[in-house]
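Each chain gets a letter, A, B and so on, in the order the sequences are listed, and its residues count up from 1.
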Amino acid sequence: EAGVAQSPRYKIIEKRQSVAFWCNPISGHATLYWYQQILGQGPKLLIQFQNNGVVDDSQLPKDRFSAERLKGVDSTLKIQPAKLEDSAVYLCASGGRNFPYEQYFGPGTRLTVT
Amino acid sequence: AQSVTQLDSHVSVSEGTPVLLRCNYSSSYSPSLFWYVQHPNKGLQLLLKYTSAATLVKGINGFEAEFKKSETSFHLTKPSAHMSDAAEYFCVVSAPFGVDSNYQLIWGAGTKLIIKP
């Protein structure tokens, strides 16, 4: 079974530039999550999709971050404009809708904002 | 409300000695609990999961965890540490969110496991 795919793996941009990350979840997983992980910390949930609808985006900085999941499969996360504090690893995860609701993670995208 | 507390931010053991990473949880109902591992510059990997089928759960790479309801604990153990076990370990509980049977993961702060040669 193929895992969660993410691209790019690494990205370096200057502040105020824009960037986009892509995620392809495990086939059949209805739920998709984007997390931000700052060095030395645990993952922070940014947004949760159920199929192509948003379940929770309460921690997404909506003035600069946006995400979409068209057709309930792939998803993109965009930052525009980026700030220095956005430097982090962005993790995508997917999960099924059955107990115990575990999530499976992609390798992440390491973003450096200079 | 659900929460997770990892009692140690760092644990250092010698190679070949036992590993114990401690986790306490708070849940208003029978929880789903997980341990995830993150090796340096790698993604998060599911190590094991508790689903109430058995209190002693075996995971990958020789790790296991025991669910103790009376102590609200889910400690992770391994009989003999290996250098490749050096990583960050997260204890996680699954919690319902909103309506329509949606769930989210509540994360502990993580424990960094250091293996001494």
Completion exercise
For B/Lys49 and A/Tyr104 the tightest heavy-atom approach is NZ-OH, 4.3 Å
Handout entry: Which atoms of B/Gln45 approach chain A - backbone, side chain, both or neither, heavy atom under 4.5 Å
Key = neither
Handout entry: A/Leu91-A/Phe65 co-clustered via ILVMFWY side chain contacts under 4.5 Å
Key = no
Exercise for the section: Check whether B/Leu47 and A/Val4 end up in the same hydrophobic cluster, where Ile, Leu, Val, Met, Phe, Trp and Tyr are linked by side-chain heavy atoms less than 4.5 Å apart. Expected result: no
Exercise for the section: Give the ring-plane orientation class for B/Trp107 versus A/Phe105, where under 30° counts as parallel, over 60° as perpendicular and anything between as tilted. Expected result: perpendicular
Handout entry: Single-linkage hydrophobic cluster, 4.5 Å side-chain cutoff, B/Phe63 and B/Trp35 together
Key = yes
Problem - Which portion of B/Leu105 sits near chain A, non-hydrogen atoms under 4.5 angstrom - result: both
Practice task
Measure the shortest side-chain to side-chain distance between B/Asn41 and A/Arg110 over non-hydrogen atoms and say whether it is less than 4.5 angstrom.
Solution key: yes
Practice task
Identify the two heavy atoms, one from B/Phe90 and one from A/Gly42, that lie closest to each other, and give their separation to 0.1 Å.
Solution key: CE2-CA, 3.5 Å
Completion exercise
Max heavy-atom pairs within cutoff under 4.5 Å with chain A, candidates B/Pro31, B/Gly43, B/Ser9, B/Ser32, goes to B/Ser32
Fill in the blank from the handout: Taken to the nearest 0.5 Å, the spacing of B/Gln104 CD from A/Asp56 CG works out to 4.5 Å
Practice task
Return yes when atom CD1 of A/Ile12 has more than 12 non-hydrogen atoms of other residues, nucleotides or ligands closer than 6.0 Å, and no otherwise.
Solution key: no
Problem - CD1/B/Ile60: more than 12 non-hydrogen atoms of other groups inside 6.0 Å - result: yes
Practice task
Answer with side chain, backbone, both or neither: which region of B/Ser94 has an atom nearer than 4.5 Å to a non-hydrogen atom of chain A?
Solution key: side chain
Practice task
Please answer: with hydrophobic residues joined when any side-chain heavy atoms are less than 4.5 Å apart, are A/Phe49 and A/Leu77 in the same cluster?
Solution key: yes
Exercise for the section: Verify the neighbour count for atom NZ of A/Lys78: are there more than 12 heavy atoms of other residues, nucleotides or ligands below 6.0 Å? Expected result: no
Practice task
Quick one: which of A/Pro43, A/Ala93, A/Gly40, A/Pro107 has the most heavy-atom pairs under 4.5 Å with chain B, could you say?
Solution key: A/Pro43
Fill in the blank from the handout: So OH of B/Tyr103 and CD of A/Gln48: to nearest 0.5 Å the spacing works out to 12.0 Å
Exercise for the section: To the nearest 0.5 angstrom, please state how far the OH atom of A/Tyr35 sits from the CG atom of B/Leu44. Expected result: 9.0 Å
Handout entry: Closest-packed option against chain B by number of heavy-atom pairs under 4.5 Å, given A/Gln41, A/Gln103, A/Lys44, A/Gln6
Key = A/Gln103
Handout entry: Hydrophobic cluster identity match, B/Phe34 and B/Leu7, side-chain contacts under 4.5 Å
Key = no
